[in-house]
Every structure is written in structure tokens, then in C-alpha cells.
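These numbers come from a predicted model, not from an experiment. Residue numbers start from 1 in every chain, and the chains themselves are labelled A, B, ... in the order their sequence lines are given, proteins ahead of strands.
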Amino acid sequence: MFKVQFAEKEMKFDAPLSVFDAAKEAELVSRAHVAAKVNGQVVGMTHLLQEDATVQLLTFADAEGRHVFRHTASHILAQAVKRLYPEVKLTIGPAIEDGFYYDFDSDISFGPDVLAAIEGEMKKIVKENLLIERFELPRDEAIKLMEEKGEPYKVQLIRELPDDAVISFYKQGEFTDLCAGPHLFSTGAVKAFKLTQCTGAYWKGDQKNKMLQRVYGTAFPSKDELKAHIEALEEARKRDHNKIGRELEYFTTVEEIGQGLPILLPKGSRVIQTLQRWVEDEEQKRGYLLTKTPLMAKRELYKISGHWDHYLDGMFVLGDPDDYTKECFALRPMTCPFQYQVFLNKKRSYRELPMRLGETSTLFRNEESGEMHGLIRVRQFTISEGHLVLRPEQLEEEFRGCLELAKYCLDTVGMLENCTFRFSQWDPARAGIKYEGTPEQWEEAQRIMGNILDNLGVEYTIGIDEAAFYGPKLDIQYKNVFGKEDTIVTIQIDMLLAEKFGMEYVDSDGQMKRPYIIHRTSLGCYERTLAYLIERYAGALPTWMAPVQVKVLPIGDEHIDYGYAVKQKLENFGVRVEIDDRNETIGKKIRNAQLEKLPYMLVIGDNEMNDQTVAVRSRKDGDKGVMSVDAFLSDLLQEIAEKRR
RNA sequence: GCUGCUAUAGCUCAGUCGGUAGAGCACGUCAUUGGUAAUGACGAGGUCAUCGGUCCGAAUCCGAUUAGCAGCUCCA
């Protein structure tokens, strides 16, 4: 006799039975249940219960349930591929955030026609409603089975499993795959799926390995859900900054200038200027000292910092890096060693610390050709860079200040709610290769940072092997419309560079001490931020940062002079105004202004000119009625000052 | 850098079987003087990304390069 505790009720059983049967006995099971959690572990509905257990039934609405569902979809994909192309070798095929993929080693490339054929075969497999059975094998038999099936990658995976690993397989019809599972009960549940694309991906994610063919897909329990998902995806892609940023004339690129070197057009430049002035003012309020340091330096500087050894490939070098009979310069890929010179300018006292240095800093990084993406990944960019030189006891307080500033900036522009935090740590396996310093230094810095993050109540994930070569980071991450994540803000503790540059201060006891350094950004890279803002607001930026805030639309020629007078008045208060004095109908002018997504239109005709008023139309709410210029201006300035979203 | 896709007017895109290029928008001129998402007429605009090859003939087929897109890898 054993007890099974469901959320709703407790059941007692005499003989072992499956989760499905137990749930059936309890009258809890429905078609929607795709898997279960037994004592916290996700299992399939066929999992055998034979002792006391807590069982939570999972549906597609649960993240774990979705995962199981889509993992089965990936097996259906693999089965279809093997039916159509038996010579293709299987590798791995997990569920991911919005779907699943499977990597194949194949000589033929999976173009649209091939994907359509595979989808057709998958439909058949779903219709066949094959039962999915789990079985386990000892290692040698598992290897033998996969060798017989001609799956060398699977053999390799089995060989790499730890000694105590359970080696399980899942079989559906003629198809058997090495897999930890769990899976659905049968293939019939995968009612709606779509293969979305095929791309290359390295075996085991390593550039040195063979490139495989990765087929991406997504799956849902119903066609309606699939359709809704695809529509939502299309909707998101309409916000793609790379598309509307060009259409709305924020930026462009020119073949002759080169990859990763966008031209910021007047609108994009104005937004960045607005953000930059605001961030610089905000930093000034928070005690930052402004610096302006060179964009390049001799190779010797980067040798001291370690960049020459660690990141030469990523730098633009002017001259022959190996010819020591001549000077060799390199454009800067970061600001640290330049800004440190400010501290090093004279002997420093503990009384001067914390020293907060800020700079709107342009950097150059020679990214590989396939890495560039619109304004998000570029070769030249400008960041709100800063370095804080600290006494050790100031570290936590100053780290808090940096985090507060970053959160304030991200919140003000409306991005904070979609940010995630990543505690980026080193990988001891790459000590001495990617990372400098001793394990003791790393453990110390990571311990301090972990404590600070915990004390501040920051919810974070841990990213192993994501640290800088000189220390751990708190990276604030943001996703673009394709779901791809990049760092927008970073706060880093550096325990190495101060030593390399011989930075020290005279402490209260007269002893020379080594300072801690925080590297940080307030709003990150302006180009990247602009890209995310365009996507966040679908091009309709909040009034305070909109490149054009107001457009004056005179109805006829006789209203143009008054229009210019209104424009002038607003401009006197710093408002960014344009006037559309073309010989076009008012309908046309409104349409154009609406498509430009600017916040306010002021329509002026006889009535407004005679009464010294404006007819206000907002992009959001349409016609807002007639009001005096002063009343409009006063509301507008209020909105801008509050940085209303 | 790797895998796949793409490149025709400023923009969005047609262009059939290989026979020397077309629309809408934008732009210019003229007419029109208007009231909350497109007034009308006319006009100008292209070495079909670049270079090379096949062919009597290439926007079209092939190759390379450059640039753009998605993914992988990378991201101080």
C-alpha cells in the first residue's frame, strides 16, 4: 500500500501503476495533461508509481509541460527526417523557449521544399498516433544499439555520459532515439506544429567542429494556438528596429563605409544626443567627474592592460603589430586604461575616494563579419562608460549606486520591465587562457559580488564563462524582437587592472593601498539602446526623446506665417518642431505626420490664426481640440520634464 | 569566420522561356487654397550591387567579391 498525493486529493494504491492510471483513478486526468511532476521531478504520464509520492499533473500551460510537448515534437521531426533521408545522422534535439530544434548531420541542405516534405511526413506520424515507449540499456548494449542504427553522434554521447548515468531510449514506431525524456504518451497529441527555419549550427556549439543542419520548429496542442503564436511573432517583427529604424530615417548603412558602421541620420542622432545629455547630467548629479580621453593609444598601453594578449583579434590596429622598430597604434576597444590615467595623474588620498569617473566614450571592436546586426551589434559605438575607484569598504555602497543609476536609466526609458540580470562568472577551466588572476582572487571577487547582489535582493541567473578577463560582471540583458538577448548595461568588479597599472592611494594610516575598481555603464551603448527603444515603442518614442516632438500643419498658404510664429515660440522653449509648409492638403499632411509617428500635430487654419490658438492632434488619441499656444506649450513642457512614457 | 537566403529607381516591389526595364510611393514643375490618414496633370530618376565567365545575345544561367537578413560561434 502506498499513498499518492495529488494537489486536489490523496489516493491509496496496492499495486504499482502509471501516473496516468493513478490520475484516472482519482478522476483528475484529462486530455490536456501532457506530463507530471513526481516528487518535483518531471516525468511522462506512463511513469510507474510504486511508493508514496506527491504528484502534480502538468498541462501545456506549464513551462515544464510545454517542454515535454515540444521535445516530443522534435522526436517526430527526427523520425520524419530518418524516414525521408535514412542516411542523415542524428545528433541532439531539445525543446527551447518557444519551440524546439533538432540538429542533423546531412549532406543535403534542408531548403523550403525539403522542410515542406518533412512537415508532410511529420503530419503522417502524428496521425499514426504512435505510442512512445521508454526503455533503459546498460552502456555497452546502448552503444551497440546505436552502432547498429548507424548513429555515430549518439554513440559519442553515450560514451560521454557519466558512469552512474541511466541510459534511456524512447521508441515510437520504427524510430528509437537516445534521450533522457520525458515524452508524451503518443505522437497523436502534437496537433499543430510548424518548421520555421533551417540554419547551420556547430556540433556541440564548437566552431572547430562540423557544422550541422539545425531545423527549428514550434508546436502547440491546437491549430488556433499555433496560428496565434505565428501572428504574434509577425507582429513583433514589424517592430524590428532594423526595418523601421531605416524606414523612419533613424539610421542607414552604406556599402562603401562597411559592415557594422551605421550612419545615424538626423533623427537617430537627435535621440542619442537627448539620451546622452540626460545621462551625463544625471551622472553629474550623482557625483561623477567628466573625462574626455583619446580614441586610440600605442600598443604599449594595451600590453599593460592585458588587451593586447587577450583581445588583439578584436582590435583595429594601425600599423604592423609585430614591428617594434615603429610605433603601432590601436583604436580603443574599451575605456578603462585611458580613464585610469586620470586617477594616476597625481598621488591620491583616501579622502578623494570614491572617485567616480564618467565619459561618453566611443569604442571600436573588430567584430567578425557575421556578427553585425543593425544598431545592436556594430563595430563602432558610444557608451556611457564609467569607472569608480574605491576603498574596499566602499565597494558595496558604490555598487548599489551603480545599480540604482542603471535601473533608474532603464526604467525612465521604459526598458527595465523587460530586463533580466545575469551574474557573469569565470570558468575555472579556462583560467590562464581567457581569465587572468588567481583562483583565490576570482573566488574573492565573486563572493563579494554575490553577497552584494543578495543583499540588494537582485534576482539573477548565473552565467558561467561570461565574465570579463579581469573580473565578474552583473550584466543587464535585453531581448530584441527575434528573442535574441544582448547586454544593455554592465557593472563589473575589477580586481586586476588596478595592480597592472600601479594604481594606489594613501590611506588614513599613511600606508599605500590598492583600490577596487568598478567598471559600469549607465544606459549602455547608445546605438544598441536606440535599437531597443525603436522596438519597444514600435518607432513611436516617448515625447521627451522623440526626434521631432511637434509638427505644425498649416492648412493653406495664408496660415504659413502664423505657423512659423508658433514654431518659433515652441523652439524658444527647446521643443523640437517641424513645419509642413508644402502645398498639400491637410489630410495628406496629417497622414504623413502620423506615419512618422511623431507625438503632436498642430493644425492651424483661419480659426486658429484669428484666435491665436492651435488645434492639437496627438498620435495616440487623435483630435485633442483647440487650445491656446501657451496652454499647449505648458502641457508639453510638463510632459517632457516628467519624461512621461 | 561558418550554414542558408537575398541584392532591379531614394523606398516598397513587378519583370514569364535568356532577346537591352515597369508600377506605386517619394522627388520636381504646373494647376488647385484645402479642416483631421493620400487633390489632379505632367516630368525627371536605373551601367538591374561589383567584377569575371557561358552565350549571337545576360537583370535573368554560372563563379567570385561586397553588402543586407536569420541562425551558429564570438561578444573586453
- Rounded distance in Å between the C1' positions of B:rU73 and B:rG1: 8 Å
- Query: Is the distance between the ring centroids of A:Tyr311 and A:Phe469 less than 6.0 Å?
  - Reply: yes
- Find the distance A:Lys589:NZ to B:rA26:P and express it as a whole number of Å. 14 Å
- Query: With a 4.5 Å limit on heavy-atom distance, are the side chains of A:Gln341 and A:Leu301 in contact?
  - Reply: yes
- Message: Would you measure the distance from the P atom in B:rA37 across to the matching atom in B:rA41 and give it in whole Å?
- Response: 22 Å
- Task: Considering only NZ, NE, NH1 and NH2 on the basic side and carboxylate oxygens on the acidic side, decide whether A:Glu160 and A:Lys204 come within less than 4.0 Å.
- Result: yes
- Could you note down all residue pairs passing salt bridge (charged side-chain N to carboxylate O under 4.0 Å, His left out) where residues 546-562 of chain A supplies at least one of them, sequence neighbours left out? A:Lys551-A:Glu578, A:Lys551-A:Glu596
- Atom P, compared across B:rU16 and B:rU60: separation rounded to whole Å: 12 Å
- Spell out protein contact along nucleotides 37-48 of chain B as letters: B when the base is contacted, S when just the sugar-phosphate is, - when no protein heavy atom is under 4.0 Å; keep the 5' to 3' order. BBB---------
- Query: Looking at the rings of A:Phe364 and A:Phe316, which for Trp means the six-membered one, are their centres under 6.0 Å apart?
  - Reply: no
- For RNA chain B, which residues in residues 603-611 of chain A have a heavy atom at a distance below 4.0 Å? A:Val603, A:Gly605, A:Asp606, A:Asn607, A:Glu608
- Message: Could you check whether A:Asp475 pairs with A:Lys473 (Lys NZ or Arg NE/NH1/NH2 to Asp/Glu carboxylate O, under 4.0 Å)?
- Response: yes
- Query: For B:rG45, does the O4'-C1'-N9-C4 (purine) or O4'-C1'-N1-C2 (pyrimidine) torsion place it in syn, i.e. within 90° of 0, or in anti?
  - Reply: syn
- With rounding to whole Å, what would you report as the distance between B:rG15 and B:rC42 at their C1' atoms? 26 Å
- Using the C1' atom on both, measure B:rG68 against B:rA49 and round to a whole Å. 11 Å
- Message: Under a 3.5 Å cutoff, is there a donor and acceptor pairing between the side chains of A:Thr521 and A:Ser384?
- Response: no
- Task: May I ask you to check whether A:Glu359 and A:Ser361 show a side-chain donor-acceptor distance below 3.5 Å?
- Result: no
- For A:Ala615, report the nucleic acid contact type (base, sugar-phosphate, nothing); a contact means any heavy atom under 4.0 Å. base
- Message: In this structure, is the centre-to-centre distance between the rings of A:Phe100 and A:Tyr102 below 6.0 Å?
- Response: no
- Item | Spacing between A:Ile244 atom CD1 and B:rU12 atom P, to the nearest angstrom | 14 Å
- What about A:His387 and A:Phe343, are their ring centers closer than 6.0 Å? no
- Report the residues that fulfil salt bridge (charged side-chain N to carboxylate O under 4.0 Å, His left out) with A:Arg299, sequence neighbours left out, ordered by chain and then residue number. none
- Query: When the distance from CD of A:Glu247 to P of B:rC25 is rounded to whole Å, what number comes out?
  - Reply: 17 Å
- Item | N-O pairing of A:Lys434 and A:Asp465 below 4.0 Å | yes
- Task: Could you work out the separation of B:rC55 and B:rC69 based on their C1' atoms and round it to a whole Å?
- Result: 33 Å
- Message: Just to be sure I understand the rule, does A:Arg582 reach a base, reach only the sugar-phosphate, or reach nothing, if contact means heavy atoms closer than 4.0 Å?
- Response: sugar-phosphate
- Query: Do A:Thr487 and A:Gln477 have side-chain N/O donor and acceptor atoms under 3.5 Å apart?
  - Reply: yes
- Note on the structure: Letter by letter from the 5' end, nucleotides 66-76 of chain B scores (B base, S sugar-phosphate only, - none; protein heavy atoms under 4.0 Å) BSSSSBBBBBB
- Task: Using the C1' atoms only, state how far B:rU8 lies from B:rC48, rounded to an integer number of Å.
- Result: 4 Å
- Message: If I pick the P atom on B:rA76 and the same atom on B:rG4, what distance separates them, to the nearest angstrom?
- Response: 29 Å
- Donor-acceptor contact below 3.5 Å, side chain A:Ser305 vs main chain A:His307: yes
- Item | Dot-bracket line, read 5' to 3' along RNA chain B, where crossing pairs take [ ] and | marks a partner on another strand, Watson-Crick or G-U under 3.5 Å | (((((((..((((.....[..)))).(((((.......))))).....(((((..]....))))))))))))....
